[in-house]
Amino acid sequence: MIKEKACRNCRTIIEEANVKECPECGSKSLTTFWRGYVVIINPEKSEIAKKMGITKPGKYALQLSR
Ligand SMILES: [Zn+2]
């Protein structure tokens, strides 16, 4: 199983292999060192999304390291 990458900039989880930059924000700073995730379906109605500064639906990493 390939560990999914997460974007250090916007926390989006990238499920495709061989991706070199984040499809959401264009950052090349990706990491496989992340733990936990949230799926945001409705950012306007989600307290977690507001806290994390998320404005688009998607799957986001909760904790990033290195
Ligand atoms: Zn990003």
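Both counts, for ligands and for their atoms, begin at 1 and track the order of listing. These values consider heavy atoms only, across backbone and side chains, with no hydrogens, waters or symmetry-generated copies.
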Report the protein N/O/S neighbours of the Zn ion (ligand 1) that fall below 2.8 Å; do not count waters.
Cys7 SG, Cys10 SG, Cys22 SG, Cys25 SG

Please set out all donor-acceptor pairs under 3.5 angstrom arising from side-chain atoms of residues 49-58, sequence neighbours excluded.
from, atom 1, to, atom 2, distance (Å)
Lys56, NZ, Glu24, OE1, 2.7

Please indicate whether Ile48 has more than 12 foreign heavy atoms, meaning atoms of other residues, nucleotides or ligands, lying under 6.0 Å from its CD1.
no

Is there a donor-acceptor contact under 3.5 Å from the side chain of Arg11 to the main chain of Ala6?
no

Let me confirm one number: the CG-CZ distance from Leu64 to Arg8, rounded to the nearest 0.5 Å.
8.0 Å

Mind jotting down which residue pairs meet the side-chain hydrogen bond (donor to acceptor under 3.5 Å, both in side chains) criterion with at least one end in residues 33-45? Sequence neighbours excluded, please.
none

Return a table of donor-acceptor pairs under 3.5 angstrom between the side chains of residues 13-23 and protein atoms on other chains or two or more places apart.
from, atom 1, to, atom 2, distance (Å)
Glu15, OE2, Lys59, NZ, 3.1
Glu21, OE1, Lys28, NZ, 3.2

